[in-house]
There are 2 protein chains.
Amino acid sequence: MKRSSKLSIALHVLGHMAVKPDEPFTSEQMASFAATNPVVIRRTLGQLREAGLVTSGRGKSGGWKLARAPESISIADVYRGLDERLYVGNKGGDENPAHCAIEIGLAGAIQGGLERAEVAFQSAIEGTSLADLAAALQR
Amino acid sequence: MKRSSKLSIALHVLGHMAVKPDEPFTSEQMASFAATNPVVIRRTLGQLREAGLVTSGRGKSGGWKLARAPESISIADVYRGLDERLYVGNKGGDENPAHCAIEIGLAGAIQGGLERAEVAFQSAIEGTSLADLAAALQR
DNA sequence: TTTCATGTAACTATCATTGTTACAAATAGG
DNA sequence: CCTATTTGTAACAATGATAGTTACATGAAA
């Protein structure tokens, strides 16, 4: 995982939301959960809203809620919703024309390995849900 | 793979070295192979020397050579020699005391997934050797 | 209509990586 | 011994990605 902390932030606040799935949380509340800034929360959860995992409302009694039951949202769903990848695509993916034959074979071998790693990662985190995270809090 | 390009650079120049395993290459030659700077090459191959994959000599007729036969050096060896990881450890690995129970369970789940991904990645690239890369050049 | 919260743009701050310059140290060869 | 060459490494600048911050328009509820 690159050095992004979006996934950690998102899962942390979603874990809190999962404890009280019907109560709206403001970005300010959640920012203090994750020790960050409200705008960072809105940006991050905004992506998850597009992915259909949360809903948001404006104005008084607005805020954020889970779109589905916590049991039905896996860590992997969140990971995919944030469009995270284990690796960042080679920045010259299309630009670098690969002058050298070595680069071709190389790219293929590495790429294949990364794809397998991605699959292994996602299936490993598929088994944990937001409800599992929330359960840790209630003990 | 984070956004480091060390691995690509290293494998590219090692591929060239594998074509003529007994001939020393200077960092300047290799810098032009990989379109980078001689110092970057020395830094990168320096790590691989510590890992026992290459040797270096100073002064006239100095330069770099593979320490073993190209067939016996896999892409995975190089990856490990560079101490690369699919993920960078959470920068607060020891610092952040993890205030919240959610963070604990979370870290465990993610960490487990990353370890599996790492294993999958390495075993996928274990099968390609420097000789395989060099072979691409000779056709 | 007032209050509160999101949505978003714009900018700054940090940090990791890469590139560059400079130079000491070592080695081969005359 | 002297010189040319090459590594080894420090120090610093350039670049780019990510996160944090400020500011404000927009929308909704009471």
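In this text the structure is predicted, and so the values were computed from the model without any measurement.
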| For atom CD of B/E126, is the number of surrounding heavy atoms from other residues, nucleotides or ligands below 6.0 Å larger than 12? | yes
| Cluster check A/I102, B/V19: I/L/V/M/F/W/Y, side chain < 4.5 angstrom | yes
| request: Say whether, by atom type as modelled, one donor and one acceptor occur between the side chain of B/Q47 and the main chain of B/L82 under 3.5 angstrom. | output: yes
| field | Euclidean distance, atom NZ of residue B/K6 to atom P of C/dG19 [Å, nearest integer] | value | 12 Å
| task | Select base, sugar-phosphate, or nothing to describe what A/G57 touches, counting heavy atoms under 4.0 Å on all strands. | result | sugar-phosphate
| message | Could you check whether any side-chain N or O of B/E71 sits under 3.5 Å from a backbone N or O of B/S129, counting only pairs where one atom can act as donor and the other as acceptor? | response | no
| message | Measuring to OP1 and OP2 of C/dA5, would you say a side-chain N or O of A/T26 lies under 4.0 angstrom away? | response | no
| Separation of C/dG19 P from B/I41 CD1 (nearest whole Å) | 9 Å
| OP1 or OP2 of D/dG8 less than 4.0 angstrom from a side-chain nitrogen or oxygen of B/S56, does that happen here? | yes
| query | Please give, in whole Å, the distance from D/dT6 P to B/E23 CD? | reply | 13 Å
| remark: Separation of D/dA29 atom C1' from A/R58 atom CZ, nearest Å, is 13 Å
| task | Identify, between A/R49 and B/I9, the residue whose nearest nucleotide on DNA chain C lies closer to the 5' end. | result | A/R49
| note | In whole angstroms, the gap separating P of C/dA22 from CG of B/N37 amounts to 13 Å
| message | Strictly by ring pair (Phe, Tyr, Trp, His ring centres under 6.0 Å), give each pair with a member in residues 30-70 of chain B just once, sequence neighbours left out. | response | B/H16-B/F33
| note | A/K60 has its side chain closest, among D/dA10, D/dT21, D/dA30, to D/dA30
| Length of the line joining A/L48:CG and C/dG7:C1', which is rounded to integer Å | 15 Å
| request: Would you please confirm or rule out a distance under 4.0 Å between OP1 or OP2 of D/dT5 and any side-chain N or O of B/S61? | output: no
| said: Is A/S5 close enough to D/dT18 that one of its side-chain N or O atoms is under 4.0 Å from OP1 or OP2 there? | reply: no
| note | From CZ of B/R42 across to P of D/dA11 the rounded distance in Å is 17 Å
| task | Find the distance B/W64:CH2 to D/dT6:P and express it as a whole number of Å. | result | 14 Å
